[in-house]
**Q** 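Take a look at the following structure, please.
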Amino acid sequence: MSAVATGIRHARLVLASELELLPVAERAEAMRAACIDTGGCFVPARTVQGGTHYAEVSCLGVYHAGGDMAEAIAHWIKAAHRMEISAQTGVAA
């Protein structure tokens with residue numbers, strides 16, 4: 001694994017662990033800051049003509065969506081942890 005990939009993997013695990021410890025109400029601001037810092041994407045849910053646009057978050061190589069930002073971030077955290085388990089065990093989680 002390259003040094004860059006190792007750095008991204010570590011940053012992803014640290015961010016997921018930090019987000020888990022925050023109250024749900026504070027997670028969105030922390031994730032928004034992480035997206036800005038790393039070139040990610042943070043799109044809040046909104047109602048548009050024809051329906052609702054889901055909240056989306058993409059950060060450090062992990063993308064997830066949800067009905068609102070809290071749900072999207074919760075899915076992102078779970079996916080980041082699953083990726084780490086898979087990387088450590090070599091088995092898809």
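Starting from 1, each residue takes its place in the sequence as its number. Just the heavy atoms: all of them, side chains too, but no hydrogens, waters or symmetry mates, feed the values below.
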**Q** Under the side chain to side chain donor-acceptor pair (under 3.5 Å) rule, collect the residues that match up with E71, sequence neighbours excluded.
**A** none
**Q** Can you tell me how far the CH2 atom of W76 sits from the CG atom of L19, to the nearest 0.5 Å?
**A** 6.0 Å
**Q** Check whether any side-chain heavy atom of I77 lies under 4.5 Å from a side-chain heavy atom of H64, and answer yes or no.
**A** no
**Q** Any side-chain to backbone donor/acceptor pair from R12 onto L60? Under 3.5 Å, distance only.
**A** yes
**Q** What closest approach, in Å, do A79 and V62 show between heavy atoms, and which atom pair accounts for it?
**A** CB-CG1, 3.8 Å
**Q** If you round to the nearest 0.5 Å, how far is NE2 of H10 from CG of L13?
**A** 7.5 Å
**Q** Please identify each residue that fulfils side chain to side chain donor-acceptor pair (under 3.5 Å) with E20, with sequence neighbours left out.
**A** H81
**Q** At their closest point, which heavy atom of A65 faces which heavy atom of Y54, and how far apart are they?
**A** CB-CB, 4.4 Å
**Q** Which pairs pass side chain to side chain donor-acceptor pair (under 3.5 Å) with one or both residues in residues 34-46, sequence neighbours excluded?
**A** none
**Q** Could you pull out all residues at least two apart from S2 that satisfy side-chain contact (heavy atoms from CB on, under 4.5 Å)?
**A** V4, A5
**Q** Report the C-alpha separation of V43 and M69 in whole Å, then their side-chain angles, then the decisive distance to 0.1 Å, and conclude whether the side-chain contact (heavy atoms from CB on, under 4.5 Å) test is met.
**A** CA-CA 8 Å; V43 182; M69 191 51 71; 5.7 Å; no
**Q** Report the distance from atom CZ of F42 to atom OG of S58, rounding to the nearest 0.5 Å.
**A** 12.5 Å
**Q** Taking side chain to side chain donor-acceptor pair (under 3.5 Å) as the test, write out the residues that go with R9, two or more places apart.
**A** E84
**Q** So V57 and C35, side-chain contact (heavy atoms from CB on, under 4.5 Å) or not? Walk me through it.
**A** CA-CA 8 Å; V57 64; C35 288; 3.8 Å; yes
**Q** Out of curiosity, C41 SG to I36 CD1, how far, rounded to the nearest 0.5 Å?
**A** 11.0 Å
**Q** Residues two or more places apart in sequence or in another chain: which of them pass side chain to side chain donor-acceptor pair (under 3.5 Å) with H53?
**A** E56
**Q** Just to verify, what does A33 make a side-chain contact (heavy atoms from CB on, under 4.5 Å) with, not counting sequence neighbours?
**A** none
**Q** Would you mind listing every side chain to side chain donor-acceptor pair (under 3.5 Å) that reaches into residues 25-36, with sequence neighbours excluded?
**A** E29-R32
